[in-house]
Amino acid sequence: MVRVSPPATSVASGELSSLMFARNDYARFKNGLRKCRGFMVMPEGAVTRLPGTKYLGNTHLAQPARLMRFAFKDEDAVLLEWTNLLLRFWRDADLVPVSGGSAPYAIVTPYSLAQARRLQSLLSYDRIYLTEGELPPQRLSRFALDNWTIENTPFENGPFSPRNADVARELTVSGATGSIGVTSNFALFEPGHVGVLFQIFEIDTSGTPEWSADIPANTGDQFYYNGNVYRISGFDGGGGSGTTGVNPPVHTEGSWLAEQGGPIFEFLSNGAGIILITAGTDAQTAQAYVIKRLPDGLAGTPSYRWAEQDWSALKGYPRAIGAYRQRHVYGRTPGEPRTLWHTVIGGTVDMSATGGDDEGFSYILDSDRRENGEITYIVGAGGVLHIGTTAGEFVGSSSDADRAYAEETAIFDNDTDVGSAEIEPVNVNGKIVFLDKTLRRLVTLLIGESGKFEDQMLTQISRHILAPGAVQLVYQKHTVPMIWAVLDNGDLEGCTYILKQQVLGFHRHRLAGGSVIDVEVMPSQNGSSEVLELVVARTVGGQLRHFREQMLDPFVDLDGEDPALEDAWHLFAAIRYEGAAVSTISGLDHLDGATVVAWTNVGAKTGLVVNGGEVELDEPVTSAIVGLDATDDQFFETLDIRSGTPDGGDEGRNKTHRASGVHLHRTAGGTFSVVGIEEGEARASDPEPLLRPSYAVPIALKSGVFDFPGHKGWAAQSYLRFRPEPGAPLPVLALTPTMMVSDD
């Protein structure tokens with residue numbers, strides 16, 4: 001018989017797949033857990049109870065909602081609450097009221113709840129640009145805390161499809177400016193063309209001469225130069241005549257003085273104009289308004305060189321949006337599922353595409369792989385443009401380091417073929433993390449030795465953790481670096497993740513019977529950290545309601561200061577009372593009829609039923625956090641206790657616990673038990689308190705190594721299980737079980 005004491009000083013690998021339970025040769029095995037439910041692993045290696053949530057209010061009409069961050073500056077952040085056709089605004093955990101009143105400020109939107117759940121967004125200063133694929137892209141603008149507008153994004157100059165090349169299909173306009181008529185010599189116009197842009201180019205330019213230097217000219221004369229049309233609007237010094245000067249016009253907007261005493265050239269067009277269809281008469285006749293002046297020579301002259309706007313009710317609207325190198329980038333319509341459209345450099349709505357390096361352009365993704373998928377996301381990160389598709393991932397950049405990312409320099413590599421889900425990825429310090437198209441694998445892209453991107457599946461050794469399928473990802477950088485995933489069954493999955501320190505640990509959470517609908521990460525009120533905001537569906541008193549909740553920080557010394565015992569917040573949809581000693585706690589109307597727990601300055605009060613929005617305690621308290629308890633769903637289990645012995649391994653040999661050393665850190669209560677497995681049958685010892693009664697009364701936080709002796713029975717496999725007590729914090733730093741291993 002051999003006595004061994006294998007220490008476990010870190011659980012930073014979190015919950016592992018059952019397929020890993022025998023892999024004690026694997027480096028991360030020693031830091032893993034069998035189960036981690038309702039507990040979160042810390043980067044330092046400790047494990048602590050998941051913090052609870054504060055109740056902030058109901059969503060609009062207590063219906064499901066989508067949350068979205070609007071944070072141009074951390075200290076001025078606003079949380080957007082999208083519900084069916086309505087948008088409300090939260091600031092510092094409160095709804096923004098109407099000016100001079102108390103009712104929540106709200107605006108009407110074109111989005112149904114289903115469309116709002118699909119929204120992809122791009123923040124640009126005091127505006128957010130939105131896409132979801134069914135409606136025209138929208139622009140949400142903030143003018144004041146209680147003054148917002150939403151409108152169709154006012155795109156300029158397109159984007160347009162490739163120009164018509166069929167000389168037999170012509171358009172004729174009746175004028176160059178203002179309201180005009182448009183006719184086609186074939187059946188073109190449909191009711192859906194109202195609101196659509198057309199670009200029309202002049203073919204016969206013989207009526208407008210090319211600019212030549214220093215020839216006689218008069219005010220009103222027009223000239224072509226370098227494909228652009230200019231008109232002399234006057235002469236420096238006055239007068240209606242002069243010469244064309246010696247310097248050609250090269251500007252593309254406004255007016256320009258060629259030289260002192262010379263002509264003033266007004267830019268008219270680049271040989272083309274843009275019209276907006278305002279009404280349709282029949283398939284060959286429509287009314288239009290000139291958005292960008294048409295060349296005068298087009299009036300009454302047919303042209304086959306025309307292009308229709310790429311996005312419309314007929315062609316569809318873009319699904320994805322992102323940004324890269326000072327350009328907004330849109331992607332995927334029903335008819336062009338692999339096309340990217342770029343704005344001009346520095347522009348948010350200008351889609352001009354004339355071929356220059358600073359102009360807008362479109363790009364069709366292509367791959368040598370067997371499948372070509374549809375674009376799912378667009379993210380600029382780590383100096384490159386990441387494009388996810390359902391068949392693989394593309395990485396875009398400029399092929400010329402000395403030139404801008406533009407039509408001539410854009411290059412895309414299709415290094416990986418994971419296949420991405422239609423869910424926005426997260427940017428973790430310049431590295432994207434995304435869900436694959438099964439919604440069950442979390443993947444990141446890293447540059448390999450070959451210099452190409454390679455996919456790394458983060459869930460490889462925890463394959464089960466996303467088994468229900470994930471429907472949303474967010475990243476919380478502070479105070480604990482965490483990727484949160486909302487699962488399809490309403491659970492919340494956490495991944496403690498620091499790539500450089502090789503910290504990667506998964507844990508799953510049920511929030512006291514609630515179903516998580518949506519989450520978002522927001523700056524804290526002082527801007528020094530971040531908080532997780534949630535929409536949680538809860539059935540209370542037989543009614544389904546959707547609560548706005550906010551998760552608290554973990555109960556550990558995150559900033560060098562130890563939190564006070566009464567600040568341990570492990571209850572959900574909870575409210576807090578602080579003040580004079582009272583035995584009645586009110587403000588619980590949202591939990592009327594529910595059984596709750598109160599964590600007070602004198603300990604936990606359990607089995608309380610909310611009646612009329614109040615609970616009655618058996619003694620007065622000065623501090624109370626009152627909410628729903630998740631203790632029954634919270635526990636963590638170690639992997640099988642293993643250790644080498646002088647005569648070999650312990651696989652299959654009977655063993656028993658003689659003692660367990662548990663290093664607690666500012667803990668107020670909890671239990672542990674030993675689970676033995678013999679021939680596939682598990683049996684657990686009776687739970688034992690981690691703090692003996694002499695330690696637990698009066699209630700206090702305890703730290704240090706606590707030893708628990710006692711024979712727990714013989715078994716071929718055994719592990720430890722820890723559970724919290726209602727309301728009480730339970731951080732654990734390390735475990736050192738002492739085992740006796742039989743010779744048999």
Side-chain angles (χ1 to χ4, degrees), residues 14-19 36-37 64-68 113-121 131-134 319-322 331-332 337 369 371-379 381 386-394 416-428 431-445 455-476 482-497 504-511 514-521 532 534-537:
E15 182 172 320
L16 303 185
S17 164
S18 59
L19 297 175
C36 191
R37 303 297 170 97
R66 160 81 189 273
L67 302 178
M68 185 180 294
L113 176 62
Q115 290 168 330
R117 295 297 300 273
R118 290 197 303 270
L119 282 174
Q120 294 193 19
S121 63
T131 61
E132 50 76 49
E134 293 184 359
R319 173 71 178 88
I321 187 173
R332 179 182 161 188
R369 302 180 187 274
E371 295 183 22
N372 284 308
E374 299 180 328
I375 292 172
T376 57
Y377 62 76
I378 303 170
V379 177
H386 290 276
I387 309 294
T389 79
T390 52
E393 294 69 47
F394 290 79
T416 59
D417 60 354
V418 175
S420 302
E422 289 198 49
I423 291 174
E424 287 187 280
V426 293
N427 183 342
V428 182
K431 306 291 190 298
I432 68 162
V433 177
F434 64 94
L435 285 163
D436 81 333
K437 58 188 176 185
T438 71
L439 305 176
R440 291 170 174 80
R441 297 191 299 171
L442 200 59
V443 184
T444 190
L445 299 181
D455 57 275
Q456 178 178 322
M457 188 166 72
L458 301 181
T459 46
Q460 182 65 55
I461 63 172
S462 303
R463 297 167 65 95
H464 67 295
I465 203 74
L466 298 180
V471 297
Q472 186 186 12
L473 291 180
V474 295
Y475 176 59
Q476 183 178 7
M482 190 79 65
I483 299 172
W484 296 103
V486 177
L487 303 186
D488 194 43
N489 66 352
D491 286 355
L492 185 66
E493 177 271 331
C495 173
T496 308
Y497 183 54
L504 175 64
F506 290 94
H507 31 95
R508 191 187 293 179
H509 312 281
R510 290 182 178 172
L511 306 191
S515 180
V516 179
I517 301 300
D518 203 88
V519 296
E520 183 58 283
V521 174
L532 186 68
L534 307 95
V535 174
V536 184

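Under a 3.5 Å cut-off, the side chain of Lys437 and the backbone N or O of Thr390 do form a donor-acceptor pair. Proximity of a side-chain donor or acceptor of Gln120 to a complementary backbone N or O of Thr376 within less than 3.5 Å is detected. Between the side chain of Asn427 and the backbone N or O of Ile432, no donor-acceptor pair lies under 3.5 Å.
The residues Glu493 and Arg508 are annotated as not salt-bridged, no charged nitrogen and carboxylate oxygen being separated by less than 4.0 angstrom. Under the 4.0 Å criterion applied to side-chain N and carboxylate O atoms, Glu520 and Arg66 are not assigned as salt-bridge partners.
Using a 4.5 Å heavy-atom threshold, the side chains of Pro64 and Leu113 count as touching. Using a 4.5 Å heavy-atom threshold, the side chains of Glu424 and Val474 count as separate. Within the 4.5 Å cutoff, no side-chain heavy atoms of Arg319 are placed close to those of Glu374. In this structure the side chain of Val535 reaches within 4.5 angstrom of the side chain of Leu67, judged on heavy atoms. Thr131 is not listed as a side-chain neighbour of Leu119, based on a closest heavy-atom distance of 4.5 Å or more. Side chains of Ile321 and Ile378 form no contact here, defined as non-hydrogen atoms less than 4.5 Å apart. Inter-residue side-chain proximity for Val519 and Gln472 is flagged as met; some heavy-atom pair is nearer than 4.5 Å. Counting only heavy atoms from C-beta outward, the side chains of Val418 and Glu393 approach each other to under 4.5 Å.
Between Leu473 and Ala485, the shortest heavy-atom distance links the atoms CD2-CB, 3.7 Å. Closest of all the heavy-atom pairs between Asp518 and Arg117 is OD1-NE, 3.7 Å. The heavy-atom pair separating Asp436 from Val443 by the smallest distance is CB-CG2, 4.5 Å. Of all non-hydrogen atoms in Ala391 and Gly373, the two that sit nearest each other are CB-N, 3.3 Å.
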Show me, pair by pair, the donor-acceptor contacts under 3.5 angstrom made by side chains of residues 455-468, not counting sequence neighbours?
unit_1, atom_1, unit_2, atom_2, d
Thr459, OG1, Leu442, N, 3.2
Ser462, OG, Glu15, O, 2.6
His464, NE2, Glu15, OE2, 2.7

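Cys495 SG to Leu504 CG: the interatomic distance, rounded to the nearest 0.5 Å, is 4.5 Å. For the atom pair CG (Leu439) and CD (Glu422), the distance works out to 10.0 Å, reported to the nearest 0.5 Å. Interatomic distance, Leu511 CG to Asp491 CG, rounded to the nearest 0.5 Å: 8.0 Å. Considering CE of Met482 and CD of Gln476, their distance stands at 7.0 Å, rounded to 0.5 Å. The CH2 atom of Trp484 sits 12.5 Å away from the OH atom of Tyr475 when rounded to the nearest 0.5 Å. The CG atom of Asn489 lies 7.5 Å from the OG atom of Ser515; values are rounded to the nearest 0.5 Å.
The aromatic rings of Tyr377 and Phe434 lie tilted to each other, with the angle between the two planes from 30° to 60°.
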Using the side-chain contact (heavy atoms from CB on, under 4.5 Å) rule, take Ile375 and Ile387 through it: C-alpha gap first, then chi angles, then the decisive distance, then the call. CA-CA 7 Å; Ile375 292 172; Ile387 309 294; 4.1 Å; yes

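Heavy atoms from other residues, nucleotides or ligands lying under 6.0 Å from CZ of Arg440 number more than 12.
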